Chemist: 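Submitted below is the structure of interest, expressed as structure tokens.
Just so we're on the same page: letters track the sequence lines, and every chain starts at 1. Fair warning: this is a prediction, and the values are worked out from it, not measured in the lab.
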Amino acid sequence: MEFGCEVDLEELCPVCGDKVSGYHYGLLTCESCKGFFKRTVQNNKIYACVDKQQCRIDKAQRKRCPFCRFQKCLHVGMRIEAVRADRMRGGRNKFGPTYKRDRALKQQQREAFIRAHRFRTESGTPVASWIQNGDFTFTESLNTVTIQKLSTPSLQSFGPTGAIQNLCSSASSWTIKSMYSNTYAGSAVVDAVTLMEPCDPCSKLRFTQDPRMPPLVMEFLLYDPDELQLQRNTDVHFQQELTGCCSYRSTFKQLYAMVDLLLHAIVEWARMSALFKQLQISDQMKLLHHCWSELLALDIISGHILYDRQACLLLIGDHEVEPPSTEYPPGPSLFDLSQRGQALLEKLHILKVDHQELASIKYLILFNPAVKELEDSGFIEKVKLQVGGALLEYTRTACPQLPNRLAHLLEFLSELRPLSCLAEEYLYCRHLRGEVPCNSLLDEMLHAKHNSP
DNA sequence: GTTCAAGGCCAG
DNA sequence: CTGGCCTTGAAC
């Protein structure tokens with residue numbers, strides 16, 4: 001079973017994502033943030049940020065900027081008044097009952113999340129047999145792919161073909177970088193890089209003023225990709241081509257360019273996540289290779305919900321640009337995808353899902369402990385459970401009148417999976433016909449899942 | 001007596 | 001300065 005009651009529920013520090021050692025100064029934090037907070041308050045430290053006071057704080061970088069670290073300590077709720085002025089040791093402070101309540105609440109949430117997860121409808125998930133085969137070969141191919149721990153700058157060929165897919169490194173992080181030919185979506189990489197720039201967290205602060213919002217959900221929202229930038233990029237790509245009234249083939253070329261752009265944004269979003277960064281590179285690759293299509297489908301659908309995105313992939317099914325398939329058995333059509341996507345979109349509309357929930361759901365998709373041959377599935381499971389707990393806490397606070405809201409969200413997730421399988425099948429069929437440009441990130445994702453070495 | 005969140009210590 | 005480990009002592 002995916003979530004057993006016996007699971008050791010190790011929490012993660014809301015400041016840096018390190019392992020929690022207990023309640024310190026008002027909430028569960030790690031030992032190092034506890035010490036840092038204590039020293040800062042006791043010694044009346046005053047720090048300065050050499051950047052824009054928006055430094056990302058995670059386990060690897062928490063030492064870099066004490067100013068932003070302390071700001072984050074305060075932001076997540078560490079209490080200055082819990083540091084004793086008289087420095088008296090031992091005993092308990094006035095937060096004792098708070099900690100006790102918090103423990104009870106967390107336990108309740110944990111149990112409720114596990115119940116909700118059991119409730120989730122797993123049946124009726126049609127997965128084409130070739131996809132299952134693909135999963136097998138995908139696992140096999142992973143064994144042959146050596147991924148360096150990129151402590152020094154390096155370029156490495158990735159994937160079973162000669163595609164120019166490279167893992168690049170900067171410091172201890174990584175990116176998947178696809179190169180484009182001059183004739184195909186030449187500006188996509190540049191655009192993707194632009195949209196990957198961390199958005200201004202202040203622009204989202206208005207959503208995070210509510211002190212009842214779980215710190216984890218707040219974090220997810222703050223670091224969700226900048227939609228405006230993404231929209232500008234995708235609109236340019238998509239509408240240029242559609243207004244040009246061109247052949248279906250070139251329209252799909254643009255479609256792939258946009259899918260590739262979205263994939264770049266998804267990879268970069270994951271890469272920027274403090275929790276994701278704590279995984280080994282190999283696990284990061286496995287998780288992304290496994291869930292890219294789900295994240296892509298969710299991204300496209302949520303674009304409608306949150307932003308009424310103009311460049312609408314779902315509507316492409318209405319353009320009647322796709323000639324009927326001559327293959328037997330016929331693969332899925334864009335029309336199929338469009339119909340199913342619209343049905344899911346309708347569900348989200350009825351649920352009135354919000355940005356916080358969508359930002360959290362993405363982490364539930366990404367941190368999937370069921371992915372095969374993970375090095376650290378334990379950590380991934382803990383993260384998933386923690387995200388589930390935070391999402392439950394959030395839905396209970398935001399929609400107290402709907403106690404089963406989380407179960408509905410999980411049900412939506414279980415319905416997203418077959419759609420993403422269908423989308424993958426569609427893209428793979430076109431890939432086999434040579435319509436997916438080589439060297440794109442999409443090409444890499446399709447290769448990773450379906451090619452045996 | 002046990003628990004556990006305070007403060008303290010000190011190698012790196 | 002950092003952070004892992006140690007000591008303390010009120011609440012239970």
Chemist: Looking across every strand, which nucleic acid part, if any, lies under 4.0 Å from A:K45 by heavy atom: base, sugar-phosphate, or nothing?
Modeler: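 Sugar-phosphate: the residue A:K45, judged by heavy atoms under 4.0 Å, touches backbone atoms but no base.
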Chemist: Output the rounded distance in Å from CZ (A:F95) to C1' (B:dG7).
Modeler: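 Going from A:F95 (CZ) to B:dG7 (C1'), I get 16 Å.
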Chemist: Round to the nearest Å and state the distance from A:R89 atom CZ to B:dA6 atom P.
Modeler: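 So the CZ-P distance, A:R89 to B:dA6, works out to 14 Å.
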Chemist: Can you check the A:L27 CG to B:dA6 C1' distance for me, whole Å?
Modeler: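 After rounding, the reported distance stands at 15 Å.
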Chemist: According to a strict under-4.0 Å criterion, is A:N93 in side-chain N/O contact with OP1 or OP2 of B:dA6?
Modeler: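 Answer yes for this pair, as a side-chain N or O of A:N93 is under 4.0 Å from OP1 or OP2.
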Chemist: Hey, are A:K34 and A:E31 close enough for a salt bridge, meaning a charged N less than 4.0 Å from a carboxylate O?
Modeler: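 Answer for the salt bridge query: yes.
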Chemist: State which of B:dG8, B:dA5, B:dC4 makes the closest approach to the side chain of A:R92.
Modeler: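 Given the options B:dG8, B:dA5, B:dC4, the side chain of A:R92 is closest to B:dC4.
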Chemist: Specify the separation, in whole Å, of atom CD of A:E81 and atom P of B:dA6.
Modeler: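 From A:E81 CD to B:dA6 P: 11 Å.
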Chemist: Could you list where the contact with chain A starts and ends along DNA chain C, reading 5' to 3', using a 4.0 Å heavy-atom cut-off?
Modeler: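 So the outermost contacting nucleotides come out as C:dC1 to C:dA11.
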Chemist: Looking at every strand, decide which applies to A:R39 at a 4.0 Å heavy-atom threshold: base, sugar-phosphate, or nothing.
Modeler: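 Contact class for A:R39: base.
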Chemist: Mind calculating the distance between CG (A:N43) and P (B:dC9) to the nearest angstrom?
Modeler: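 The answer, rounded to whole Å, is 13 Å.
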Chemist: Side chains of A:T29 and A:Y23: any donor to acceptor distance under 3.5 Å?
Modeler: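 Side chains of A:Y23 and A:T29: no pair found under 3.5 Å.
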Chemist: Assess whether a salt bridge exists between A:E357 and A:R405, defined as any Lys/Arg side-chain N lying under 4.0 Å from an Asp/Glu carboxylate O.
Modeler: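 Looking at A:E357 and A:R405, the cut-off is met.
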Chemist: Scan A:R84 against the nucleic acid and name what it touches under 4.0 Å (heavy atoms): base, sugar-phosphate only, or nothing.
Modeler: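 Touches sugar-phosphate only.
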Chemist: May I ask you to check whether A:D58 and A:Q61 show a side-chain donor-acceptor distance below 3.5 Å?
Modeler: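 A:Q61 and A:D58 do have a side-chain donor-acceptor pair below 3.5 Å.
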Chemist: Could you check whether the rings of A:F220 and A:Y363 sit parallel, tilted or perpendicular, using 30° and 60° as the cut-offs?
Modeler: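 Parallel.
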Chemist: Could you tell me how far apart A:F37 (CZ) and B:dG8 (P) are, to the nearest whole angstrom?
Modeler: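 Atom-to-atom, A:F37 to B:dG8, this comes out as 16 Å.
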Chemist: When you measure from the side-chain N and O atoms of A:Q42 to the phosphate of B:dG8, is any distance below 4.0 Å, counting only OP1 and OP2?
Modeler: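 Yes.
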Chemist: Just the rounded figure in Å: distance from C1' of B:dG8 to NE2 of A:H24.
Modeler: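 Going from A:H24 (NE2) to B:dG8 (C1'), I get 15 Å.
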Chemist: With a 4.0 Å cutoff (strictly under), does any side-chain N or O of A:R103 reach OP1 or OP2 of B:dT3?
Modeler: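 Indeed not, no polar side-chain atom of A:R103 lies that close.
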Chemist: Would you mind reporting whether A:Y426 and A:L337 have side-chain heavy atoms less than 4.5 Å apart?
Modeler: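 Counting from C-beta outward, A:L337 and A:Y426 do come under 4.5 Å.
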Chemist: Please check if atom CD1 in A:I46 has more than 12 non-hydrogen atoms from other residues, nucleotides or ligands closer than 6.0 Å.
Modeler: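 Counting neighbours around CD1 of A:I46, 12 or fewer heavy atoms of other residues, nucleotides or ligands fall under 6.0 Å, so no.
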